[in-house]
Amino acid sequence: MAELKFDYDIIVVGAGHAGCEAASAAAISGSKTLLITQDMNTIAQMSCNPAIGGIAKGQIVREIDALGGQMGIVADKSAIQFRMLNQSKGPAMWSPRCQSDRKKYITEWISVLNSISNLYIWQDTVSSLIIKSNRICGVKTGLGVEFNAKAVILTAGTFLNGNMHFGEVQIRGGRISESSSLNITEQLVNLGFRAGRMKTGTPARVDKRSIDFSKLTEQQGENTNRKFSFLPSVHRVLQQQSCWITYTNSLTHSILKDHLTESPLYNGQIQSIGPRYCPSIETKIVTFADKEAHQIFLEPEGENSNEYYINGFSSSMPWQVQWEALRTIKGLENVVLYRPGYAIEYDYFDPTQLHHSLETKLISGLFFAGQINGTTGYEEAAGQGLIAGINAHRKINSLEKFTLSRDESYIGVLIDDLVTKGVDEPYRMFTSRAEYRILLRQDNADRRLTEKGYQIGLANEDRYKVYNNKLTKIETIINLLHTLTISPDTANPILQSKQSSTITKTAHIHDLLTRPEINIVDLLSLTPQINNLISDETSAIQEEIIEEVEIEVKYAGYINREKQAADKLHRLEQVKLKSDIDYNTIQSLSTEARQKLSAIKPASIAEASRIPGVSPNDISVLLVLMGR
């Protein structure tokens, strides 16, 4: 039989959230792309909680959507509850989050992938990478098939040598009922890559019919038109569901404490590092020993599913201990398990071995995205996948790499943190990680990124037209607010009702809106020009326009101040550092700086300044050496 050849431009290994975004971005950009997954029925599987977004994560989803990615669209179409978190704080902290129908999230993603003409799927396990002269050439699978490619994106999630812990019971696997991916880590380590082990976990799933909801506190979603996608054609269509709140108690804690020696986290069975910001229930009772109760959220897994996720009760305890402890919680006295929680250990690679494009420094054409880089979370993975997919396409077409700066996006903060600082625990995004978070709000992600997405060919013409139309109306309204005036007779009744000081002469509406107690909705009835301007938009787009106008007006001073600070950073970004500098010969640098700079080889002074261990004095030394 003649030898068969399978040639692709780009191969994506793994069809989780990173892999799906990477494959779709590469294919939409124009590359013939192959997505390889162990199981086509678990594409974009929500391995842990059935939700998208949250603190800072929601901003990432909106950024993915603004660039032309898919996660926001899929999340909206499969959403069964939507909430904007942190609304009691300033708009820089507002974070969208939705509860998702787990199965419909998968089917929506499969529909997206099937709609892309030059994207293909192969169900198999990748057993090794084909590398020649430090360049990726393809992959070989468990079935013995060789696929050739100019670039490969590795998005292995928790599958690289994955090992699950159910008390003393250990099962090799990437997640429950799915086998581990073997040999890849060993191959890459032999090539000089630095690898490590991390740990994550997930709670038990329980039967809705065994929950006594009368003892729980209901948490409903918002009755608004909010969503993730900026596209007016995308809507939330599923029946909305409630989440429910309950608490652990002293009896729960007593049972868990009595069995701590059976916990893999405390008996030495698990050696790797877990996510500090999402601890297991056994870690909570040890770390916060003085707390009498911990909040538990019961989250529905789907519109018509009986399966519930117990958010806040992640555990690797034996299943019997989990079951006994859960039955001490109000509302769960008769709970029935579908499956217990478990911990999983897996391999990751030090992300300082990557360029900002997410291409590896050691192997040309090989990209890493997602948990393989030491991150945790669907959104962080998807953001990396999108950037890796874009850059793999640009790499093989000899185009300039596409990167995002820290003042442009949370995705830029995420990747810069990984590449310049590395990780010592699973990395999770928070608003506090961004220096310019008033610039990186969820409402203005399209203003920050859609032009860029359009220029690189990912955001299509329809999206670009929607963006330009919205931008024009926002700018027109802000200009109107500066010119429209209001008399004391008209304004004062509104001001008095809001306990705001009255005016004695005609004032510009813009000036009144800068007052913290006055909202733009209070003034819309007085501005028919604005109402007429947005009357042809959907209610969701109207809400977005009005919200963004109000934020831009009220926080103009803070926004301008951060823009000035960001401009200073950009000047340092322009001071480039050559990759062949021998830092070990620069004795005026501190020893730690010489070591860190030699290992990471930053591309600019700004990047060097963000490396832990590189002091301001070290930066001054570099600037002097460069004649600055």
Side-chain angles (χ1 to χ4, degrees), residues 46-51 80-81 99-100 102 164-171 175-177 199-219 241-267 269-270 274-275 277-302 305-344:
M46 291 176 156
S47 306
C48 201
N49 63 321
I80 54 176
Q81 188 193 92
Q99 205 67 35
S100 301
R102 186 187 298 272
M164 295 177 289
H165 299 262
F166 303 78
E168 65 178 10
V169 176
Q170 298 183 51
I171 301 174
R175 58 179 167 238
I176 197 163
S177 301
K199 167 260 172 190
T200 189
T202 191
R205 308 308 199 270
V206 302
D207 191 329
K208 170 184 178 180
R209 295 168 297 183
S210 65
I211 301 171
D212 187 348
F213 291 98
S214 67
K215 297 181 179 180
L216 309 181
T217 302
E218 186 174 11
Q219 184 188 59
Q241 306 288 315
S242 292
C243 294
W244 302 84
I245 299 173
T246 186
Y247 294 86
T248 62
N249 53 59
S250 58
L251 181 55
T252 316
H253 299 178
S254 176
I255 291 170
L256 294 170
K257 288 176 182 175
D258 289 345
H259 292 275
L260 272 182
T261 56
E262 299 173 57
S263 169
L265 290 174
Y266 290 97
N267 63 13
Q269 188 172 308
I270 290 178
Y277 300 104
C278 188
S280 66
I281 188 63
E282 49 264 45
T283 299
K284 287 180 184 179
I285 65 167
V286 171
T287 306
F288 309 104
D290 57 328
K291 288 200 70 171
E292 297 181 356
H294 293 284
Q295 192 173 58
I296 301 294
F297 287 90
L298 297 180
E299 301 176 348
E301 295 263 344
S305 174
N306 283 333
E307 194 170 352
Y308 266 68
Y309 174 93
I310 308 180
N311 194 337
F313 205 92
S314 175
S315 180
S316 59
M317 290 282 211
W319 72 265
Q320 300 94 327
V321 177
Q322 293 183 44
W323 181 72
E324 184 182 357
L326 284 170
R327 288 198 161 205
T328 66
I329 297 173
K330 185 182 292 186
L332 302 181
E333 293 88 351
N334 299 302
V335 76
V336 173
L337 296 183
Y338 277 121
R339 60 186 180 277
Y342 60 91
I344 180 169

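In this text the structure is predicted, and so the values were computed from the model without any measurement. As a basis for the values below, the full set of heavy atoms in this structure was taken, side chains included, without hydrogen atoms, waters or symmetry mates.
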Problem set entry | Close aromatic pair by centroid cut-off 6.0 Å: Trp319 and Phe166 |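 They do not qualify: ring centres at least 6.0 Å apart.
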
Counting only N and O atoms by type, is there a donor-acceptor contact under 3.5 Å from the side chain of [X] to the main-chain atoms of [Y]?
| X | Y | answer |
| --- | --- | --- |
| Gln322 | Met317 | yes |
| Asn334 | Ser210 | no |
| Glu333 | Asp212 | no |
| Lys284 | Gly312 | yes |
| Tyr309 | Pro50 | no |
| Thr246 | Leu216 | no |

Between [X] and [Y], is any pair of side-chain heavy atoms under 4.5 Å apart?
| X | Y | answer |
| --- | --- | --- |
| Ser242 | Pro300 | no |
| His253 | His294 | yes |
| Asn306 | Tyr338 | yes |
| Thr287 | Pro279 | no |
| Ile245 | Ile296 | no |

[atom1]/[X]: more than 12 non-hydrogen atoms of other groups inside 6.0 Å:
| X | atom1 | answer |
| --- | --- | --- |
| Lys330 | NZ | no |
| Glu168 | CD | no |
| Trp244 | CH2 | yes |
| Glu218 | CD | yes |

First locate atom [atom1] of [X], then atom [atom2] of [Y], and finally report the distance between them rounded to the nearest 0.5 Å.
| X | Y | atom1 | atom2 | result |
| --- | --- | --- | --- | --- |
| Thr252 | Ile329 | OG1 | CD1 | 4.5 Å |
| Ser177 | Met164 | OG | CE | 7.0 Å |
| Glu282 | Ser280 | CD | OG | 3.5 Å |

Problem set entry | Residue pair Cys48 / Thr202: nearest heavy atoms and the distance that separates them |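 Taking Cys48 first and Thr202 second, the nearest heavy atoms are SG-OG1, 3.5 Å.
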
Exercise. What are the two closest non-hydrogen atoms of Cys243 and Gln99, and how far apart are they?
Worked result: SG-OE1, 3.7 Å

Exercise. Could you go step by step and tell me if Phe213 and Lys208 meet the side-chain contact (heavy atoms from CB on, under 4.5 Å) rule?
Worked result: CA-CA 9 Å; Phe213 291 98; Lys208 170 184 178 180; 3.9 Å; yes

